[in-house]
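The block underneath contains the structure these notes are about, expressed in structure tokens.
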Number of protein chains: 2
Amino acid sequence: MLLDLNDWRLNPRKAVAPQLRVILRSRIVRNQLKPSSRLSESDLAKEYQVSRQPVREAFITLEHEGLLEIRPQRGTFVKPIDVNSVLGGRFVREAFEADVVHNLAQTPDTSLIKELRSQLKEQAAIADVNPAKFIELDEVFHETLAIAAGIEQAWGYLEAVKAQMDRVRFISFVEFPIHTLIAQHGQIVDKIEEGDADAAERSMRRHLKEILNSLPRIQQLYPQYFAGGGGKVNDP
Amino acid sequence: MLLDLNDWRLNPRKAVAPQLRVILRSRIVRNQLKPSSRLSESDLAKEYQVSRQPVREAFITLEHEGLLEIRPQRGTFVKPIDVNSVLGGRFVREAFEADVVHNLAQTPDTSLIKELRSQLKEQAAIADVNPAKFIELDEVFHETLAIAAGIEQAWGYLEAVKAQMDRVRFISFVEFPIHTLIAQHGQIVDKIEEGDADAAERSMRRHLKEILNSLPRIQQLYPQYFAGGGGKVNDP
DNA sequence: ACTATCATACTTCCATACAAGTCAACACTC
DNA sequence: GAGTGTTGACTTGTATGGAAGTATGATAGT
């Protein structure tokens, strides 16, 4: 889902439109297609050697996901990052994952703990080597929690939420204190293992508030990627 | 959003595809287009006097929303209700709205309370007259809370979640204890007014667990609308 | 009676042509 | 020079024909 799809190759056996959707989505989230830049149906059609129609259909789904803005008869543009959307998404995600770890801590599972600790080692190993890869591992970590809580289905609803947050992270890796994030992961695992549901929830909420620290700085460093003013969003 | 769009005329000035998306979405959520029933691009194109392309584009977005299932070269079908999707969505929504009222109760706003109490009266007045209209008012109630909490943006992320839950409610109004729901609304408002954040959160969680009571009964009464449970399943 | 093959009528998916709106450049009028 | 209308090259939106795949039923063969 978050894979790097630079080496795109369309599989001619499968439908083209869904493949284009995944490829373009990856290129936008990874900040390879810059916010406010123009995307032309015809140009992309030529680039991928297909007709305009499948490109167009990919555009439509990506607009629905909040990554593109289609202005009829005007053009299609990569949507600038809307701070309120990021903050709103972050709120949803915090609420969701707080409940997830709260549930998990009430019935700790040793095999889950073992798996999570294994992932922590991977994260630490890759941290200074390949930050983009760390983001993938981070996603796996959180998804593992959701699946363990038995609500894999629910995790899918957060796709759009994660996309908006990931866009911010891909703009500037250096602004994110990866080792802090990993330490927070460790704390969450600890609290789940201890069976302290409230503490686990607090750890997760603190963890997911981390982006609030870096977001203003990133917005200041890269104002060209953002749109509108960052209003205030209340947080628990 | 949830409006009844039975007698809807296409506005020829605006793009057709988005209008079709809204119309079809409404017809599916309101259970006018039955689960597992077949939708044909050509038929709908004739029905709305347009070409197949805009119909197709509407299909694609609705599939992405989990309301349709497009089987290539086979047909397009209204997706049967997946209980796990409903439960997962319910989980997300409970987590979200619990945090919303928790925040609201920490800084009670008298004008908000007044507005909510006014809505409660409306709900009570319509309860026995028009259950479909009550669902609309219910949506307004919850949305009002989200907006008051300053996270209108986040509310948009829950569109798909609400759609799945609403489908269940539209299958059978009688299974839902509307007066109980209204009483729960009242309790939530009370606790916000009292400034008791934890109690407000508990009330909201109890309220959003109400669907768990009726879901099994509805599934048993209308197995043909659900996937993978009780209905005649023709698996290979 | 039973099975395999093939014709046919569907379906979605893609390519192409055209329609309609937008915007910038440019000539023209005042 | 300032303002205005026009042209033309763009854009996305829609219509339509055909390609490829799938289900169904008739038919031939055993």
Side-chain angles (χ1 to χ4, degrees), chain A residues 8-25 27-28 33-80, chain B residues 8-25 28 33-80 232-236:
Chain A
W8 52 269
R9 278 195 77 166
L10 293 181
N11 180 349
R13 306 275 306 171
K14 297 181 180 176
V16 177
Q19 300 184 67
L20 282 179
R21 178 182 62 200
V22 174
I23 292 174
L24 291 178
R25 188 179 193 280
R27 291 177 65 181
I28 295 172
L33 293 173
K34 304 297 184 184
S36 297
S37 66
R38 182 187 210 129
L39 296 186
S40 153
E41 288 181 2
S42 333
D43 290 352
L44 282 169
K46 283 177 203 159
E47 180 178 344
Y48 289 100
Q49 303 272 29
V50 294
S51 81
R52 271 182 49 216
Q53 210 54 47
V55 176
R56 170 177 173 74
E57 291 170 2
F59 278 9
I60 291 174
T61 62
L62 292 174
E63 179 191 40
H64 201 244
E65 231 179 309
L67 295 177
L68 288 183
E69 181 177 0
I70 302 177
R71 296 213 282 260
Q73 277 74 44
R74 249 166 269 217
T76 301
F77 304 84
V78 178
K79 207 168 181 181
Chain B
W8 184 262
R9 301 207 135 210
L10 290 179
N11 180 350
R13 305 276 306 170
K14 298 181 180 177
V16 177
Q19 300 184 67
L20 282 179
R21 179 182 62 200
V22 174
I23 292 174
L24 292 178
R25 189 178 191 281
I28 295 172
L33 293 172
K34 305 295 184 186
S36 297
S37 66
R38 180 186 211 130
L39 296 186
S40 150
E41 287 181 3
S42 336
D43 291 351
L44 282 168
K46 283 176 201 158
E47 180 178 343
Y48 289 100
Q49 303 272 27
V50 294
S51 78
R52 299 196 324 267
Q53 206 54 46
V55 177
R56 169 176 173 72
E57 291 172 0
F59 278 8
I60 291 174
T61 63
L62 292 173
E63 179 192 39
H64 201 244
E65 234 180 304
L67 296 177
L68 287 183
E69 181 178 0
I70 301 176
R71 296 213 281 259
Q73 278 73 45
R74 251 166 264 215
T76 301
F77 305 84
V78 177
K79 206 168 180 180
K232 48 179 176 185
V233 197
N234 18 340
D235 302 25

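All values below come from the heavy atoms of this structure, side chains included, with hydrogens, waters and symmetry mates left out. A note on names: the letters A, B, ... follow the listed sequences, proteins ahead of strands, and every chain is numbered from 1.
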* Report yes if at least one side-chain N or O of B/S51 is closer than 4.0 Å to OP1 or OP2 of D/dT14; otherwise report no. =>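 No, because none of the side-chain N or O atoms of B/S51 sits under 4.0 Å from OP1 or OP2 of D/dT14.
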* To do: Could you pull out all residues at least two apart from B/S40 that satisfy side chain to side chain contact (heavy atoms under 4.5 Å, CB included)?
  =>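 Once residues adjacent in sequence are excluded, the partners of B/S40 under the side chain to side chain contact (heavy atoms under 4.5 Å, CB included) criterion are B/S42, B/D43.
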* Could you tell me which residues satisfy side chain to side chain contact (heavy atoms under 4.5 Å, CB included) with B/R21, sequence neighbours excluded, listed by chain and number? => A/H64, B/P18, B/A58, B/T61, B/L62
Without decimals, in angstroms, what is the distance between [X] [atom1] and [N] [atom2]?
X     : N      : atom1 : atom2 : result
A/Q53 : D/dT12 : CD    : P     : 12 Å
B/E41 : D/dA15 : CD    : P     : 13 Å
B/E57 : D/dT14 : CD    : P     : 7 Å
A/R56 : D/dA15 : CZ    : C1'   : 12 Å
B/K14 : D/dT12 : NZ    : C1'   : 17 Å

Measure across [X] and [Y] and return the closest heavy-atom pair with its distance rounded to 0.1 Å.
X     : Y     : result
B/G75 : B/R38 : CA-NH2, 4.0 Å
A/V78 : A/L33 : CG1-O, 3.9 Å
B/V55 : B/S51 : CG2-O, 3.7 Å

* Asked: Taking only residues two or more places apart in sequence, or in another chain, which ones meet A/E41 in a salt bridge (Lys or Arg N to Asp or Glu O under 4.0 Å)?
  -> A/R52, A/R56
* Asked: Under the salt bridge (Lys or Arg N to Asp or Glu O under 4.0 Å) test, which residues partner A/R74, sequence neighbours left out?
  ->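 A/R74 satisfies salt bridge (Lys or Arg N to Asp or Glu O under 4.0 Å) with no residue once adjacent residues are dropped.
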* Between A/R52 and B/R52, just flag the one whose closest nucleotide in DNA chain D comes earlier from the 5' side. => A/R52
* To do: By nearest nucleotide on DNA chain D, pick out whichever of B/V50 and A/S40 is the more 5' one.
  => A/S40
* Asked: Does a side-chain heavy-atom distance below 4.5 Å link A/L20 with A/L44?
  -> no
* To do: Verify side-chain contact (heavy atoms from CB on, under 4.5 Å) between A/Q53 and B/E57, making sure each step is shown before the conclusion.
  => CA-CA 10 Å; A/Q53 210 54 47; B/E57 291 172 0; 3.4 Å; yes
* Touch check for A/I60, heavy atoms < 4.0 angstrom, all strands: base, sugar-phosphate only, or nothing? ->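 The answer is nothing, as A/I60 stays clear of every strand by at least 4.0 Å.
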* Please find the earliest and latest nucleotides of DNA chain C, in the 5' to 3' direction, that have an atom within less than 4.0 Å of any heavy atom of chain B. => C/dT11 to C/dA15
* Structure fact -> In 5'-to-3' order, the base (B), backbone-only (S) or no-contact (-) status of each nucleotide in nucleotides 19-25 of chain D, using a 4.0 angstrom heavy-atom cut-off, is -BBSS--
